[in-house]
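All residue numbers in this chain count up from 1 along the given sequence. No experiment lies behind these values; they were computed from the predicted model shown.
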Amino acid sequence: MLGKKRKLGKKIKDIKVGESFTTSSTIEDRDLLMYLGLTDDANPLYIQHDYASQTPYKRPIVPTVMVFGMVSSIVSMHLPGPGSHITHQELDYPKPVYHYAEVRFNVEVTDINVDDHLLTLYVVGYDEEGDEVVKGHLTVQPPYEPASMNANSLENFY
């Protein structure tokens, strides 16, 4: 991505109710280690097989905030895309995500509030067995229209 200019995401006037984005992501060891290192989170449920095997989960699980991070990335990079901001979230995590799991996400626009410059997105994520691992709603501000097509604020946006 370095050295490659990017555009802002979709503006509110270009988004329609029912528009959606689907992708999948796999939780790798390096992702877990970076998260745990950055947050100084040493919860044994996330990293210790011997402890986790004695819990109802039977093996280490992925922190829910990492699952939310994948959702946040979809909003920031795809729908609505770069320049957007999550202002509110109501998410449930009905089943844990395990290490090395592939999670399939779908994000859909369910409401557009032009006056307040807000979108409501419905989010759902499924594991390999097809079970929901995250579901709920986000309130998102899509990118704002720059003052001009030659906006200086985009010169350093890569």
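If you take CE on Met70 and OG1 on Thr23, they are separated by 10.5 Å, rounding to the nearest 0.5 Å. Here the CG atom belonging to Asp41 is positioned 5.5 Å from the OH atom belonging to Tyr46, to the nearest 0.5 angstrom. Going from atom CG of Leu119 over to atom CD1 of Ile15 covers 4.5 Å, rounded to the nearest 0.5 Å. One finds the OG1 atom of Thr120 at 9.5 Å from the NE2 atom of His88 (value rounded to the nearest 0.5 Å). The CE atom of Met66 sits 8.0 Å away from the OH atom of Tyr35 when rounded to the nearest 0.5 Å.
Applying the 4.5 Å side-chain rule to ILVMFWY residues, one finds Tyr122, Val124 in the same cluster as Tyr126.
For Asp116, the side-chain contact (heavy atoms from CB on, under 4.5 Å) partners two or more places apart in sequence, or in a different chain, are Asn113, Leu118. By the side-chain contact (heavy atoms from CB on, under 4.5 Å) test, Gln54 is found to be paired with no residue, residues two or more places apart in sequence or in another chain being considered. Among residues two or more places apart in sequence or in another chain, the side-chain contact (heavy atoms from CB on, under 4.5 Å) test is passed with Tyr144 by His117, Gln141. Applying the side-chain contact (heavy atoms from CB on, under 4.5 Å) criterion to Lys95, with sequence neighbours excluded, gives Asp127, Glu129, Asp131, Val133.
In this structure, Ile47 is a member of the same hydrophobic cluster as Ile61, with clusters built from ILVMFWY side-chain heavy atoms closer than 4.5 Å. Both Leu91 and Val67 are part of a single hydrophobic cluster, where members link through side-chain heavy atoms under 4.5 Å apart.
The main-chain N or O of Pro94 is never found under 3.5 Å from a side-chain atom of Asp92 such that the two would form a donor-acceptor pair.
Residues Ser84 and His78 fail the side-chain proximity criterion, which asks for heavy atoms closer than 4.5 Å. Within the 4.5 Å cutoff, side-chain heavy atoms of Phe68 are placed close to those of Ile86.
Under the side chain to side chain contact (heavy atoms under 4.5 Å, CB included) rule, Gln89 has a single partner from Thr139, Leu121, Leu138, Val140, which is Leu138.
Across all their heavy atoms, Thr55 and Leu45 have their closest contact at OG1-CD1, 3.9 Å.
The side-chain hydrogen bond (donor to acceptor under 3.5 Å, both in side chains) pairs that include a residue from residues 97-108 are Thr22-Asn106, Ser24-Glu102, Asp29-Tyr100, where partners are two or more places apart or lie in different chains.
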